[in-house]
2 protein chains.
Amino acid sequence: MKSTFPTVLRELLRTHQAFLSYAASHVQKLDLTLPQFDIIITLGNTDGLPYKILGEKTLITKGTLTGVISRLEDKGLVQRDASKTDGRSQIIRLTETGYALFERTFPEHLLFINRLFDNYSPEDVINLEAALKQLHEAVISLRSEEQEKIVDDTEA
Amino acid sequence: MKSTFPTVLRELLRTHQAFLSYAASHVQKLDLTLPQFDIIITLGNTDGLPYKILGEKTLITKGTLTGVISRLEDKGLVQRDASKTDGRSQIIRLTETGYALFERTFPEHLLFINRLFDNYSPEDVINLEAALKQLHEAVISLRSEEQEKIVDDTEA
DNA sequence: CACTAATTGTTCTAATTAGAACTTTAAATT
DNA sequence: AATTTAAAGTTCTAATTAGAACAATTAGTG
């Protein structure tokens, strides 16, 4: 059996790692970590987001999110407000300083990142996205199969 | 300007994360973390590898590697031997227990992972790998450009 | 050979990470 | 309405992560 594991999936890990370190190199100049800047970006052009949504958009789990938000709060870039409609929920929004940082740095960051695709044809972009989605869906599909197995075992 | 950043690259992050959590779900049953199991796999079928090579293959930086190896050593799965040819270098190899674990678990792990590609045609695999490599090379190319800039600044 | 530069691995720090236990509040059920 | 169940955030723990400083050794240079 020819194993696709070492070749294709290693390449996924390598590409991911390379991209993160590329993106981080830009963000570090702002004295922010990548997750921190990701929060800033995600909050930009919104009127604040509940904790939960913020975690879903940035792919940061809630236990981690508390720490990241706290550090941004310490830096004065973000603030927590209690939700008016749900007593459990916190709304995170950019402070004035945070919004100013967003406006000042986001366009340049976008250029920096999009430079990766300078030599891409439109088809290349489509292919990449399609290939990633195909793998993503395969993972999700198998993961839910595994989940069902566990449920079956519990019931049995 | 149409931004490729939020769509394609988010998909890279999501796919990567989904894959890791899928792989981790399997490895956790062995009471190992993914990086730890990655080391076991990488050492399997070798006669031991120097620290440096091990880090390159697993994409783990040296500061991190020390901790991961130490934990595997504590579990008795791996041992450190001083290199005979280089006084600075350590050779990491599987212990008997470690090798037994590798032999017992690796084939099943491979099956578990390769299941992701059950519905892939050969072209699908080739496309995925090509798309990832294209992005990877774009990152590397830009990263080295950035590096040159820094050198220029230092010289100027 | 002497000196400098580079490499190997360890140690340390600050941050992120997932997961679990926990508190508080909301929703659902009886 | 009372009770149970679920959801939102916080806190805690163990591990990973990158990066920087450091000691020991090797390689390269004059």
Side-chain angles (χ1 to χ4, degrees), chain A residues 13-14 16-39 48-56 58-75 78-92 143 150, chain B residues 13-14 16-39 48-56 58-75 78-92 143 150:
Chain A
L13 303 187
R14 264 195 291 263
H16 174 261
Q17 195 185 62
F19 165 66
L20 283 195
S21 97
Y22 176 73
S25 74
H26 195 237
V27 168
Q28 277 164 359
K29 294 173 188 164
L30 310 173
D31 252 310
L32 291 174
T33 66
L34 216 41
Q36 286 169 13
F37 192 62
D38 203 5
I39 299 289
L49 291 176
Y51 221 91
K52 178 87 182 304
I53 306 289
L54 199 50
E56 283 167 5
T58 58
L59 305 178
I60 300 176
T61 51
K62 58 186 183 178
T64 306
L65 199 52
T66 299
V68 177
I69 299 287
S70 295
R71 261 158 244 126
L72 285 172
E73 214 177 7
D74 293 345
K75 292 181 181 180
V78 136
Q79 70 188 65
R80 276 178 239 243
D81 296 314
S83 165
K84 288 165 189 163
T85 59
D86 188 333
R88 301 164 296 182
S89 183
Q90 306 261 355
I91 309 293
I92 316 295
R143 201 162 48 180
I150 293 167
Chain B
L13 303 187
R14 265 195 290 264
H16 173 260
Q17 194 184 62
F19 165 65
L20 283 195
S21 97
Y22 176 72
S25 74
H26 195 238
V27 168
Q28 277 165 359
K29 295 173 188 165
L30 310 173
D31 252 311
L32 291 174
T33 65
L34 215 43
Q36 287 169 11
F37 192 62
D38 204 4
I39 299 287
L49 291 175
Y51 223 92
K52 179 88 182 304
I53 306 289
L54 200 49
E56 283 167 4
T58 57
L59 305 177
I60 300 176
T61 51
K62 57 186 183 178
T64 305
L65 199 51
T66 299
V68 178
I69 298 288
S70 296
R71 261 158 245 126
L72 286 173
E73 215 178 5
D74 293 346
K75 293 181 182 181
V78 135
Q79 70 188 65
R80 277 177 237 242
D81 297 314
S83 165
K84 289 166 189 163
T85 59
D86 189 332
R88 300 164 296 182
S89 184
Q90 306 260 355
I91 309 293
I92 317 295
R143 201 162 48 178
I150 293 167

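Naming: A, B, ... by sequence-line order, numbering from 1 per chain. What you are looking at is a predicted structure, and each value in this text was computed from that prediction instead of being measured.
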**Q** Send over the distance from L65(A) CG to dA20(C) C1', rounded to a whole Å.
**A** 17 Å
**Q** Test of understanding: with side chain to side chain contact (heavy atoms under 4.5 Å, CB included), list the residues that count as partners of K62(B), not counting sequence neighbours.
**A** none
**Q** Counting any heavy atom closer than 4.0 Å, what does T66(B) reach on the DNA or RNA strands: base, sugar-phosphate only, or nothing?
**A** base
**Q** Heavy-atom distance under 4.5 Å between the side chains of D38(B) and V68(B), does that happen here?
**A** no
**Q** For a quick test of your reading: what N or O donor-acceptor pairs under 3.5 Å do the side chains of residues 21-28 of chain A make, sequence neighbours left out?
**A**
residue: S21(A); atom: OG; partner: A18(A); partner atom: O; Å: 3.4
residue: S21(A); atom: OG; partner: R143(B); partner atom: NH1; Å: 2.9
residue: Y22(A); atom: OH; partner: F112(A); partner atom: O; Å: 2.9
residue: S25(A); atom: OG; partner: Y22(A); partner atom: O; Å: 2.6
residue: H26(A); atom: ND1; partner: H109(A); partner atom: ND1; Å: 3.2

**Q** Atom pairs under 3.5 Å, N or O on each side, protein against nucleotides 17-22 of chain D: can you list them with distances?
**A**
residue: dA18(D); atom: OP1; partner: Q17(A); partner atom: NE2; Å: 3.4
residue: dA18(D); atom: OP2; partner: T61(B); partner atom: OG1; Å: 2.6
residue: dA18(D); atom: N7; partner: T64(B); partner atom: OG1; Å: 3.4

**Q** Could you give the CG-to-P distance, from D81(B) to dG9(C), as a whole number of Å?
**A** 13 Å
**Q** Without decimals, in angstroms, what is the distance between I53(A) CD1 and dG9(D) C1'?
**A** 14 Å
**Q** Any side-chain N or O of T33(A) under 4.0 Å from OP1/OP2 of dA14(C)?
**A** no
**Q** Could you walk me through whether I53(B) and E56(B) satisfy the side-chain contact (heavy atoms from CB on, under 4.5 Å) test, starting with their C-alpha distance in whole Å, then the side-chain angles of each, then the deciding distance to 0.1 Å, before giving a yes or no?
**A** CA-CA 5 Å; I53(B) 306 289; E56(B) 283 167 4; 4.2 Å; yes
**Q** Should Y51(A) be listed as having a side-chain N or O under 4.0 Å from OP1 or OP2 of dT10(D)?
**A** yes
**Q** To the nearest angstrom, how far is K75(A) atom NZ from dA14(C) atom P?
**A** 13 Å
**Q** So L72(A) and I92(A), side-chain contact (heavy atoms from CB on, under 4.5 Å) or not? Walk me through it.
**A** CA-CA 11 Å; L72(A) 285 172; I92(A) 316 295; over 6 Å; no
**Q** Between atom CG in L20(A) and atom P in dA15(C), what is the gap in whole Å?
**A** 18 Å
**Q** Please enumerate all residues that pass side chain to side chain contact (heavy atoms under 4.5 Å, CB included) together with T66(B), with sequence neighbours excluded.
**A** Y51(B), S70(B)
**Q** Take atom CD1 of I69(B) and atom P of dT11(C), then tell me their distance rounded to the nearest Å.
**A** 14 Å
**Q** Ignoring backbone atoms, establish whether R80(B) has a side-chain N or O less than 4.0 Å from OP1 or OP2 of dT10(C).
**A** yes
**Q** So, does K75(B) use its side chain to make a donor-acceptor pair with the main chain of L32(B) at under 3.5 Å?
**A** no
**Q** Would you mind reading off the distance between D38(B) atom CG and dA15(D) atom C1', rounded to a whole angstrom?
**A** 15 Å
**Q** Please list, pair by pair, any protein nitrogen or oxygen found under 3.5 Å from a nitrogen or oxygen in nucleotides 2-7 of chain D.
**A**
residue: dA7(D); atom: N3; partner: R88(A); partner atom: NH1; Å: 3.2

**Q** Please check if the number of heavy atoms outside K84(A) that lie under 6.0 Å from its NZ is greater than 12.
**A** no
**Q** Quick one: list whatever passes side chain to side chain contact (heavy atoms under 4.5 Å, CB included) with S83(A), sequence neighbours left out.
**A** T85(A), D86(A), S89(A), I91(A)
**Q** Taking only the side-chain heavy atoms of D86(A) (C-beta and beyond), determine which of dA26(C), dT26(D), dG9(D) contains the nearest atom.
**A** dA26(C)
**Q** I need the CG-C1' distance between L54(A) and dG9(D), as an integer number of Å.
**A** 13 Å
